[in-house]
Amino acid sequence: MKVLIVTGFLGAGKTTFIKELLKHTNRYTAVLENEFGDTNLDSREISGSTDNKDMQVLEFMEGCVCCSKKDSFLYSILTVSTGIAPEYLIVEPSGVAKLSNILAGLEKVRYEKIIPVSPIVIVSAKSFLANLHEYRELMRDQILNAGHVIFSKTEGMDADELEEVKKQIREINPDAKITESYQDGKSEDWWTEVMSDEEAHAVGDGVDEGADNSGQQAFEQMTTGCIEFPAIGEFVRFCESLLSGNYGDIARAKGVVKVGDEALRFDIADNSYVITGGEEPFQSVFIGSSIEREKLLTDHAKYSLAQNMSKKVADKGYTKIRPR
């Protein structure tokens, strides 16, 4: 079983890339999703992206695969290898995971039947320089340990801007392959090559000697259950408030909320938001630093916590939000 890590910073487009990879390759594949929250919002999206009936999507919801729950993650790798035994296991870590730690962990279970291959890092080109400045240690770690860096979100960028991003990446990792776009009609051979058989290089203790660790922001996450809005206008204003920093430094947010009588999905990343149709279960996840939790839940004081929330629900951290 070859283990392919597809990682990248929050909102870079990892899930979208994996969906395309599965469409263009025909391997016996399993996908292991590692996200925040109690229900993985992307697993069903990946499941519906391919006609490959042998493909399975698994969820690892116990914590970040690179830190406190890494032993459980490695046990999951062994279980997939012996129980499902796919040709490829694609792992999509959380966007705040350190790639060096994941690769170091995989070395503990590497043997002739489990082979880590060269990892892929998806980079949102238009926000890379800003993210590198704000989250330097994490971004450097992902690039430093990448085998292949693939750009997403290059819309509106000119050649000079793309070249500057590539220059910064080469300074961190001169050996990484760089692809400016995968959405421009790549051949089937290109997609097959991306799912490389090249083994990943062993890493040390995960420390980037060139990283400046001072002033690094600590990420926190907040998960809620059903958030309800009476109308789409209120929901749009809520999304715009998230972007404007009214609820803290929100680096990434996504979820399914109830608006009137329908379910809508929202995705917030790179200073923009997208609202599409969704389906239950209702859940929202917010990732960032200095998250103003109470203010976020009360939505500019236009919403309040339901007074009839059951103790069981409250203990789990689920929050019902209703109009006053």
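Hydrogens, waters and symmetry mates play no part in the numbers below; they use all other heavy atoms, side chains included.
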CA sep, side-chain torsions, deciding dist, call: L10, Y135, side chain to side chain contact (heavy atoms under 4.5 Å, CB included):
CA-CA 11 Å; L10 298 164; Y135 309 107; over 6 Å; no
Could you give the distance from [atom1] ([X]) to [atom2] ([Y]), rounded to the nearest 0.5 Å?
X	Y	atom1	atom2	answer
E279	E262	CD	CD	13.0 Å
Y182	E20	OH	CD	6.5 Å
E193	T25	CD	OG1	13.5 Å
K14	E92	NZ	CD	5.5 Å
E137	L132	CD	CG	12.0 Å
S181	E155	OG	CD	8.0 Å

### Ion pair check, K166 and E180, cut-off under 4.0 Å
yes
* Taking 4.0 angstrom as the limit, do R170 and E163 come out as a salt bridge? -> yes
Inset, instruction - Just do the ring-ring contact (aromatic ring centres under 6.0 Å, His included) check on F151 and F128 with the steps written out, would you? - result: CA-CA 10 Å; F151 289 180; F128 175 76; 7.7 Å; no
Do [X] and [Y] have a side chain donor and acceptor closer than 3.5 Å?
X	Y	answer
D270	S127	yes
T179	H148	yes
S76	T79	no
S244	N246	yes

| Derivation and outcome, side chain to side chain contact (heavy atoms under 4.5 Å, CB included), residues S241 and Y247 | CA-CA 7 Å; S241 292; Y247 303 120; 3.6 Å; yes
Under a single-linkage definition using a 4.5 Å side-chain heavy-atom cutoff for Ile, Leu, Val, Met, Phe, Trp and Tyr, are [X] and [Y] assigned to the same hydrophobic cluster?
X	Y	result
I232	Y273	yes
I227	V274	no
L129	I169	yes
V3	L78	yes

Which is it for L162 and T154 under the side chain to side chain contact (heavy atoms under 4.5 Å, CB included) test, yes or no, and what are the steps along the way? CA-CA 8 Å; L162 287 172; T154 59; 3.9 Å; yes
### Query
Side chain of K258, backbone of P230: donor and acceptor closer than 3.5 Å?
no
Any idea how H24 and W191 line up, ring-wise: parallel (<30°), tilted (30 to 60°), or perpendicular (>60°)? parallel
* Start with the C-alpha distance between M195 and R27, add both sets of side-chain angles, then the distance that settles side chain to side chain contact (heavy atoms under 4.5 Å, CB included), and finish with yes or no. => CA-CA 10 Å; M195 192 175 269; R27 307 287 185 93; 3.7 Å; yes
Contacts of type side chain to side chain contact (heavy atoms under 4.5 Å, CB included), residue I84, not counting sequence neighbours:
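Scan of I84 (side chain to side chain contact (heavy atoms under 4.5 Å, CB included), adjacent residues dropped) gives Y28, Q56, L58, V80, P86.
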